[in-house]
Amino acid sequence: MTIMRIGVYPGTFDPITLGHMDILRRGAKLVDKLVVGVTTNPSKNPMFSVEERMAMVRRETADMGDAIHVVSFNSLLMDFAEREGASMIVRGLRAVADFEYEYQMAGMNQQLNHRIETVFLMADVSLQPIASRLVKEIASYGGQINRFVTDAVRIDVEKRVREIGLKGD
């Protein structure tokens, strides 16, 4: 009997970027099932609701097959991973600052549940500077974000910016 390898890729995905998609595609190769956990993080000042972000992630991963499952969660990551039957957490790293934060989180998570490993994947070099926070900031001032997100996500972000209004002069 083969044991299914399940991984969790958590994030706010507000919005999902090409960097997220890179980690998602590569992380999916490591497991039989990858659960994309869309979480709430009010400190990040979300542009989109959890439901909207889940719909975006589902749309962007639709061509990746049945191995990708998109769900929301609002709990400790390790509790969520345990409920999903995960044996690993997949995290993307862009820079040294990411590593320091993620290293600390991985240590804390290991203390909470030593059965679940954290796996770090380095973002593709061309995608390393991309951050959802910066994508939203650029868009909110009318800048072009097409190099950082898919066309469908760009349309979603531009529509939301029109609804809330541009910043700046």
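Computed from a prediction, not measured in an experiment: that's the story for all the values here. Positions are given from 1 along the sequence.
Counting non-hydrogen atoms of neighbouring residues, nucleotides and ligands closer than 6.0 angstrom, the CD1 atom of Ile164 exceeds 12 such neighbours. Heavy-atom neighbours of Arg147 CZ from other residues, nucleotides or ligands within 6.0 Å: at or below the threshold of 12. Atom CE of Met64 has more than 12 heavy atoms from other residues, nucleotides or ligands within 6.0 Å. For Gln104, the CD atom is loosely surrounded, since the number of other residues' heavy atoms within 6.0 Å does not exceed 12. Annotation for Arg83: atom CZ counts as buried by contact number, over 12 foreign heavy atoms lying within 6.0 Å.
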Could you please spell out the steps behind the side chain to side chain contact (heavy atoms under 4.5 Å, CB included) verdict for Arg160 and Glu163?
-> CA-CA 5 Å; Arg160 183 55 44 92; Glu163 290 169 0; 2.8 Å; yes

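Defined by atom type and a distance below 3.5 Å, a donor-acceptor pair is present between the side-chain atoms of Glu60 and Thr150. Side chain to side chain, Thr12 and Asp14 fail the donor-acceptor criterion of an N or O pair below 3.5 Å.
Transitive grouping of hydrophobic side chains (ILVMFWY, heavy atoms separated by less than 4.5 Å) brings Met56 and Ile130 into a common cluster. With hydrophobic clusters built from ILVMFWY side chains whose heavy atoms lie under 4.5 angstrom apart, Val8 shares a cluster with Met78.
Rounding to the nearest 0.5 Å gives a distance of 5.0 Å between CD1 of Ile23 and CG of Leu121.
Remark: the backbone N or O of Glu102 is not paired with any side-chain donor or acceptor of Arg91 at under 3.5 angstrom. Put simply, the side chain of Arg26 never gets that close to the backbone of Ala123: no donor and acceptor are under 3.5 Å apart.
One finds no salt bridge joining Lys167 and Glu137 here, because no Lys/Arg side-chain nitrogen approaches an Asp/Glu carboxylate oxygen to under 4.0 Å. Ion pairing between a basic and an acidic side chain is recognised when a charged N comes within 4.0 Å of a carboxylate O; Asp156 and Arg59 show such pairing.
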